[in-house]
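All of these numbers come straight from a predicted model, not from anything done at the bench. Quick note on labels: first sequence line is chain A, next is B, and so on, each numbered from 1.
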There are 2 protein chains.
Amino acid sequence: MSWSDGTDDQPVRAAGAAPGGGLSHRVPELGALELLLAVARLGSLGRAARELGITQPAASSRIRSMERQLGVGLVDRSPRGSRLTDAGALVTDWARRVVEAAEAFDAGAQALRDRRDSRLRVAASMTIAEYLLPGWLIALRGQRPDTAVSLLAGNSTVVAGRVLSGEADLGFVEGVSVADGLDSVVIAHDRLIVVTAPGHAWARRRRALDAGELAATPLILREEGSGTRQVLDAALGGLARPLIELSSTTAVKASAASGAGPAVLSELALGEELSARRLVEIPVEGVRLSRDLRAVWPTGHRPAGPARDLLTLTRS
Amino acid sequence: MSWSDGTDDQPVRAAGAAPGGGLSHRVPELGALELLLAVARLGSLGRAARELGITQPAASSRIRSMERQLGVGLVDRSPRGSRLTDAGALVTDWARRVVEAAEAFDAGAQALRDRRDSRLRVAASMTIAEYLLPGWLIALRGQRPDTAVSLLAGNSTVVAGRVLSGEADLGFVEGVSVADGLDSVVIAHDRLIVVTAPGHAWARRRRALDAGELAATPLILREEGSGTRQVLDAALGGLARPLIELSSTTAVKASAASGAGPAVLSELALGEELSARRLVEIPVEGVRLSRDLRAVWPTGHRPAGPARDLLTLTRS
DNA sequence: TGGGGGCATAAGGTGGGCTTATGAGTTGGA
DNA sequence: TCCAACTCATAAGCCCACCTTATGCCCCCA
């Protein structure tokens, strides 16, 4: 073997596409990615192994097999510790994204268990549960690690019912009206955005779209009955014309990004697509495409304890 | 066993936080998440199994063990196929995020191998390689599945050198100046953003910050020498005052989100943090915090073939 | 010069996930 | 009416990936 001295600053090298199929055969398991992050942070295979509760040989072998799998050296080993290579630093950044998504998955899934001993029972609409709640739960766990949270997801009616009946301590709903017997506070805004592929003609417009143009143009949309569709129909007066109707937000994004046409999506569902310019936002004026996201609780029973902690987190 | 009829619309239930430690023990492996997505899309365990190249019993067992692991039923089985439960739909949405991050990881890692047969050799600065290139590679793979891409990441000087020497077909750099002998086109803008936790005093300001205020306030920053730090120092005239210096973008985000103070970060590094309001943007005026991201190639040798395809993808 | 921290290698155990083989429920057409 | 085709579940067995323990080499420093 060769102890590299860790000072060679040769740039990262890399190459080629492969046949494809079976993502999990080409991407290391989550445990290996976690290990890589620990090595990057702690500067030693052994320390990283201890932190994850495995032995040093296990860590050594796992990093090595990850390097074999990727075909790239990730770590410069030396008798004084281990540092990432340039390629390793890049891979670690990409790995961090995967692990962060896994953390959000974990936070959500934890709350999806029906546990009687939970100290905070939350009811939330689908959009909020999908996009916002995992992040809140991670933040709440950071502040109050011992707070067990349970989540019930449903439409606004279900959420209101659970909160009113005391089966949930705090609710989160989207929509303009709030059921009788509930107090609420606006915690965020769900804005619908018109997007196209960067190459689309609208991406080069200088003027904002108006309601007439939007209503006259066939759009890539979620199916009728979806939340975003309802808001759009209401804003346009029930006139939205579908170019294609798709059943998942992901399919709509993919279709729009491939240039099939303009799409309308919640800004919560976009994010990386916009910053990476896979999709670009088309300004719109004269159309009310936003709705409030609200926390709700029984009138007069201002949230206290863990519910108050969560509410504080979510408010601007 | 019981064939559920798939029509019971009871809402999603869920609960509680757990001790912690060992993310990979609580989150299913990537292969299992992929399988879940395939089941959701195809509506049948068997079809999903065939698509992934495994047998139906393997798929059945894997979904079942995932349900055990998460403590939540994900799929309603019936003799006519399988549909997601409400909880399963939510879990699937979260899983999709993980798999998308894994796809970006894969696209990047593929390109990080040193392959001689690659048809397109790209050199890119770190920021671009980290945040933008994986998405471009996924898009390029969608259009030209047979194009093998190799990636070399380094600073602007290295990138320019490789492109000039013909070792790279196309380069991507950040910064104001372009080396002699290179033509370039602006493909995107890297804007630095001032962010704070939502509870920070600045989040309630009505006026935009000016250069003086920004220079006078200690900020959470990347270490000296980092790209974002250079831009900030240049914009402020070398005056940026660090409150804390951290060595990774992630650490800066975490620190700012916990309320330690204002931070300055590339908008590429933010995204979900902003839309989920873990961080909020503070408007700034009178300071030039943006720089161009450019594609570069040897003067006169306009990119052709795969390089042209990639260039087209990246341009607005 | 010995101790401690770093990493690698070798040998052995265990379990998760795969396969094949089979059975049972539902649907629809011969 | 019954068989073919689809769905999923269960059982038995195999194999490999990953872990552990035990050991050795290298380097630095007191």
Side-chain angles (χ1 to χ4, degrees), chain A residues 1-7 21-36 38-70 73-85 88, chain B residues 1-7 21-36 38-70 73-85 88:
Chain A
M1 99 223 52
S2 72
W3 299 122
S4 61
D5 64 0
T7 59
L23 189 60
S24 60
H25 298 129
R26 297 191 309 271
V27 178
E29 298 296 350
L30 286 172
L33 300 182
E34 274 192 285
L35 175 61
L36 181 63
V39 171
R41 182 159 37 83
L42 300 173
S44 147
L45 292 184
R47 269 198 288 275
R50 272 194 298 280
E51 181 175 85
L52 299 189
I54 62 177
T55 60
Q56 172 265 317
S60 176
S61 135
R62 210 157 185 194
I63 293 285
R64 186 165 297 281
S65 71
M66 181 159 44
E67 290 176 320
R68 258 202 317 273
Q69 180 181 19
L70 299 178
L74 301 175
V75 170
D76 270 338
R77 289 108 168 136
S78 90
R80 299 186 318 284
S82 295
R83 288 190 62 253
L84 294 178
T85 63
Chain B
M1 100 224 52
S2 72
W3 299 121
S4 62
D5 63 0
T7 60
L23 190 59
S24 59
H25 298 129
R26 296 191 310 270
V27 177
E29 298 296 352
L30 286 172
L33 300 182
E34 275 191 286
L35 175 61
L36 180 62
V39 171
R41 182 158 37 83
L42 300 174
S44 147
L45 293 184
R47 268 199 289 275
R50 274 194 297 281
E51 181 174 85
L52 298 189
I54 61 176
T55 60
Q56 172 264 318
S60 176
S61 135
R62 213 160 182 191
I63 294 285
R64 188 165 296 281
S65 72
M66 182 160 40
E67 290 176 320
R68 258 202 317 274
Q69 180 180 19
L70 300 178
L74 301 174
V75 170
D76 270 337
R77 290 111 167 132
S78 89
R80 301 186 318 284
S82 296
R83 288 189 62 253
L84 295 177
T85 62

Discussion item. By the definition side chain to side chain contact (heavy atoms under 4.5 Å, CB included), identify the one residue from A/Leu74, A/Leu45, A/Asp76 that meets it with A/Ser82.
Written reply: A/Leu45
Discussion item. Using OP1 and OP2 only, check whether a side-chain N or O of B/Ser82 sits under 4.0 Å from D/dC8.
Written reply: yes
Item to complete: Take atom CG of A/Leu45 and atom C1' of C/dG5, then tell me their distance rounded to the nearest Å.
Response: 12 Å
Discussion item. In whole Å, I'd like the distance from the CZ atom of A/Arg50 to the P atom of D/dC19.
Written reply: 16 Å
Discussion item. So if I apply the side chain to side chain contact (heavy atoms under 4.5 Å, CB included) rule between B/Leu70 and each of B/Glu67, B/Arg68, B/Met66, which one comes out positive?
Written reply: B/Met66
Worksheet, complete the sentence: Taken to the nearest 0.5 Å, the spacing of B/Leu52 CG from A/Ser24 OG works out to 8.0 Å
Discussion item. Between A/Arg80 and C/dG5, is there a contact of a side-chain N or O with OP1 or OP2 at under 4.0 Å?
Written reply: no
Worksheet entry | Integer-rounded Å distance: D/dC26 P and A/Asp76 CG | 19 Å
Worksheet item: Can B/Leu84 and B/Val75 be said to form a side-chain contact (heavy atoms from CB on, under 4.5 Å), step by step?
Response: CA-CA 4 Å; B/Leu84 295 177; B/Val75 170; 4.2 Å; yes
Practice prompt. Whole angstrom is fine here: how far is it from CD in A/Gln56 over to P in C/dG6?
Written response: 9 Å
Practice prompt. Give a yes/no answer on whether the side chain of A/Ser60 brings an N or O atom under 4.0 Å of OP1 or OP2 in C/dC7.
Written response: no
Fill in: Nearest-nucleotide pick for A/Pro57, side chain only, options being C/dG6, D/dC27, C/dA8
C/dA8
Item to complete: Sorted by first residue and then second, give each side chain to side chain donor-acceptor pair (under 3.5 Å) pair with at least one member in residues 40-59 of chain A; sequence neighbours left out.
Response: A/Arg41-A/Glu51
Worksheet item: In whole Å, what is the span from the CD1 atom of A/Ile63 to the P atom of D/dA17?
Response: 17 Å
Item to complete: Hey, could you give me the CD/CG distance between A/Glu29 and A/Leu35, rounded to the nearest 0.5 Å?
Response: 13.0 Å
Worksheet item: B/Arg64 side chain N/O closer than 4.0 Å to the phosphate oxygens (OP1, OP2) of D/dA9?
Response: yes
Tabulate below the donor-acceptor pairs under 3.5 Å that side-chain atoms of residues 57-65 of chain B make, not counting sequence neighbours, or state none.
residue : atom : partner : partner atom : Å
B/Ser65 : OG   : B/Ser61 : O            : 3.4
B/Ser65 : OG   : B/Arg62 : O            : 3.1

Discussion item. Using OP1 and OP2 only, check whether a side-chain N or O of B/Arg77 sits under 4.0 Å from D/dT7.
Written reply: no
Provide a list of protein-nucleic acid N or O atom pairs under 3.5 angstrom, restricted to nucleotides 15-18 of chain C.
residue : atom : partner : partner atom : Å
C/dC18  : OP1  : B/Arg62 : NH1          : 3.2

